[in-house]
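Read through the structure below, which is laid out as structure tokens, and then see the notes.
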Amino acid sequence: MKKYFICLGLGVNQLNLLKKINKEINIIAIDKDIKRNIRISKYYKTSIYNLESIKQICIELKEKNFNILGVVYRSSGPTIISAEFIEKFFSIKRIDKELMKCIYSKSYFSKYLKKNNIKNLFSKTIKKYPNKNKNICILKPDAPILGKANVYMIDNKNIYHDKFNLCKYESHNNKVNISKYYNGNDISSFYLVFNKEIKLIANTQEFNYFLKNKISSIGICSPPFNISKKYLLKKNKDDKKIIKLFEHFYGIMSISSKITKTNKILPYEINIGLSGDKFADEIYPCIYENSSLYDFEINMALLQKKKNFSFSSKKFAGILNGKFFKNKDKFKPVSYTHLTLPTTPY
């Protein structure tokens with residue numbers, strides 16, 4: 001019987017992943033736009049966010065006895081709803097309902113961690129703009145469609161009704177998320193999860209600042225820049241507690257946290273797969289030469305074949321304002337801190 005992967009989306013990131021898939025496995029692609037010159041066995045023209053259309057496609061594939069191995073996708077946000085549905089429909093136990101909701105909604109992830117007695121950067125959704133806001137807060141879409149397209153710092157001196165609406169329109173669930181501002185560092189950690197074993201791939205640091213109250217991302221590096229190893233180890237230990245909550249998951253998972261100036265570690269975002277394009281495509285190949293995250297994603301997350309690899313590297317890689325650095329001494333993110341206050345998590 002022929003084997004198939006369902007590919008959600010045919011953007012550049014997905015195409016890079018498809019190139020690594022063995023030709024013996026067929027690809028069923030779902031996207032609004034047809035891409036030429038790629039190996040596709042079957043194509044459905046529809047939005048990957050259109051769940052009703054996705055359901056009809058799955059029904060058709062099951063009626064025709066297609067052997068579906070898994071779902072290929074490289075984006076966070078609303079796509080996770082379609083991915084979770086497809087896996088459940090074809091009896092693939094990997095993404096459960098709770099994990100899907102935590103990836104999809106910032107506020108749900110916060111509530112889920114609180115429910116499991118795990119400290120986190122508390123956030124919630126609001127229905128209208130907070131006119132009597134006393135503290136500096138961060139306003140953002142609760143279920144973002146375009147990543148960091150609309151993330152704003154607000155305070156009691158300014159009125160940002162227009163920013164509230166921008167966040168709402170860019171949120172797939174039409175909800176606006178609000179959280180307290182924390183001064184500190186944004187650290188994302190990537191893990192390989194397989195057969196209940198959790199391996200740290202790398203810790204990364206993202207450099208975000210607010211320019212005229214709107215978020216601006218200027219770079220990323222691994223390992224993090226001047227962050228105590230003690231607190232990175234504590235973060236990794238806390239992350240593993242979170243990962244263990246999703247007992248059926250296997251593949252690549254990342255957890256982002258704020259390490260505050262008072263050394264609190266506050267998780268605020270969770271993703272699966274090859275999210276964080278610059279890490280997978282630029283940072284990882286530099287710190288782990290002759291190795292590819294694509295191979296791990298395909299073999300372990302999709303084919304469930306274990307690959308032995310030791311994720312231990314002392315190499316540095318960073319990107320700052322589009323420039324690539326291999327020498328940590330020449331990497332100077334502190335020179336950009338004059339822009340405004342460091343970002344709160346997103």
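All values reported here derive from a predicted model rather than from experimental measurement. Quick note: residue numbers are just sequence positions, from 1. Basis for what follows: all heavy atoms, side chains included, without hydrogens, waters or symmetry-related copies.
Ion pair K45/D31 not flagged as a salt bridge, since none of the NZ, NE, NH1 or NH2 atoms sits closer than 4.0 Å to an Asp/Glu carboxylate oxygen.
Both F309 and I201 belong to a single network of hydrophobic side chains, linked directly or stepwise wherever heavy atoms of I, L, V, M, F, W or Y lie under 4.5 Å apart. Follow the hydrophobic side-chain contacts under 4.5 Å out from F190 and you never reach Y231; the two are in separate clusters. Neither M253 nor I265 shares a network with the other; the hydrophobic side chains, linked directly or stepwise wherever heavy atoms of I, L, V, M, F, W or Y lie under 4.5 Å apart, form separate groups for each. V193 is connected to I92 through a chain of hydrophobic side-chain contacts under 4.5 Å among Ile, Leu, Val, Met, Phe, Trp and Tyr, so both are in one cluster.
No donor-acceptor pair under 3.5 Å is formed between the side chain of K261 and the backbone N or O of Y182. Under a 3.5 Å cut-off, the side chain of S313 and the backbone N or O of I287 do form a donor-acceptor pair. Checked by atom type and distance alone, the side chain of T204 pairs as donor or acceptor with a backbone atom of S188 at under 3.5 Å. Using a distance-only test at 3.5 Å, with no hydrogens or angles considered, a donor-acceptor pair links the side chain of S222 to the main chain of N203. In this structure, the side chain of N327 does not engage the main chain of F325 through any donor-acceptor pair within 3.5 Å. A distance-only check finds a donor-acceptor pair linking the side chain of N213 to the backbone of M153 [under 3.5 Å]. The backbone N or O of Y250 lies less than 3.5 Å from a partner atom in the side chain of R94, making a donor-acceptor pair. Under the 3.5 Å distance criterion, the side-chain polar atoms of S53 are left unmatched by any main-chain donor or acceptor of T46. In this structure a side-chain-to-backbone donor-acceptor pair under 3.5 Å is present from D96 to E98.
When ring centroids are compared, F331 and F207 come within the 6.0 Å threshold. Taking the six-membered ring where the residue is Trp, the centroids of F311 and F296 are separated by under 6.0 Å.
Here the rule is side-chain contact (heavy atoms from CB on, under 4.5 Å) with L8, and of I80, V72, I54 only I54 fits it.
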- Output, in order, the C-alpha distance, side-chain angles, deciding distance and verdict of side-chain hydrogen bond (donor to acceptor under 3.5 Å, both in side chains) for S291 and Y284. CA-CA 8 Å; S291 175; Y284 181 89; 2.7 Å; yes

- Item | Chi angles and distances behind the side-chain hydrogen bond (donor to acceptor under 3.5 Å, both in side chains) call for K140, S179 | CA-CA 9 Å; K140 55 185 176 283; S179 60; 3.1 Å; yes

- Starting from the C-alpha separation in whole Å, work towards a yes-or-no answer on side chain to side chain contact (heavy atoms under 4.5 Å, CB included) for F246 and C102. CA-CA 11 Å; F246 310 107; C102 287; 4.1 Å; yes

- Item | Stepwise salt bridge (charged side-chain N to carboxylate O under 4.0 Å, His left out) check, K88 with E84 | CA-CA 6 Å; K88 184 177 180 181; E84 186 271 338; 5.1 Å; no

- Chi angles and distances behind the side chain to side chain contact (heavy atoms under 4.5 Å, CB included) call for C58, L61: CA-CA 5 Å; C58 289; L61 293 174; 5.6 Å; no

- Message: I'd like to know whether K235 forms a side-chain hydrogen bond (donor to acceptor under 3.5 Å, both in side chains) with S189, so could you lay out the CA-CA distance, the side-chain angles of the two residues, the decisive distance to 0.1 Å, and finally the verdict.
- Response: CA-CA 9 Å; K235 179 191 185 301; S189 304; 3.0 Å; yes

- What do the steps show when you test E289 against K315 for salt bridge (charged side-chain N to carboxylate O under 4.0 Å, His left out), and what is the final call? CA-CA 10 Å; E289 294 181 8; K315 292 183 178 180; 2.9 Å; yes

- Task: Go through the steps for L146 and E170 under the test side chain to side chain contact (heavy atoms under 4.5 Å, CB included), then give the verdict.
- Result: CA-CA 7 Å; L146 298 173; E170 206 270 308; 3.4 Å; yes

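Residue-environment remark: NZ (K199) exceeds the threshold of 12 foreign heavy atoms within 6.0 Å.
Across all their heavy atoms, D295 and K20 have their closest contact at OD1-CD, 3.9 Å. Here the shortest heavy-atom pairing between Y268 and K106 reads O-CD, 4.5 Å. Closest non-hydrogen pair, S110 versus L121, comes out as OG-O, 3.8 Å. Pairing each heavy atom of R39 with each of N22, the nearest pair is NH2-O, 3.4 Å. When every heavy atom of P141 is checked against every heavy atom of S171, the shortest pair comes out as CB-CB, 3.6 Å. Smallest separation of non-hydrogen atoms from N177 and S107: ND2-N, 3.4 Å.
Side chains of Q205 and N185: a donor on one and an acceptor on the other come within 3.5 Å. Judged purely by distance below 3.5 Å, without hydrogens or angles, the side chains of T125 and D142 never pair a donor atom with an acceptor atom.
Classified by interplanar angle (parallel below 30°, tilted 30° to 60°, perpendicular above 60°), the ring pair Y108/Y112 is parallel. Ring-plane geometry between Y104 and H172 is classed as perpendicular, the angle between the planes exceeding 60 degrees on a 0 to 90 degree scale with a lower cut at 30.
In this structure, K62 is positioned above the aromatic face of F89, its NZ or CZ under 6.0 Å from the six-membered ring centre and within 45° of the axis.
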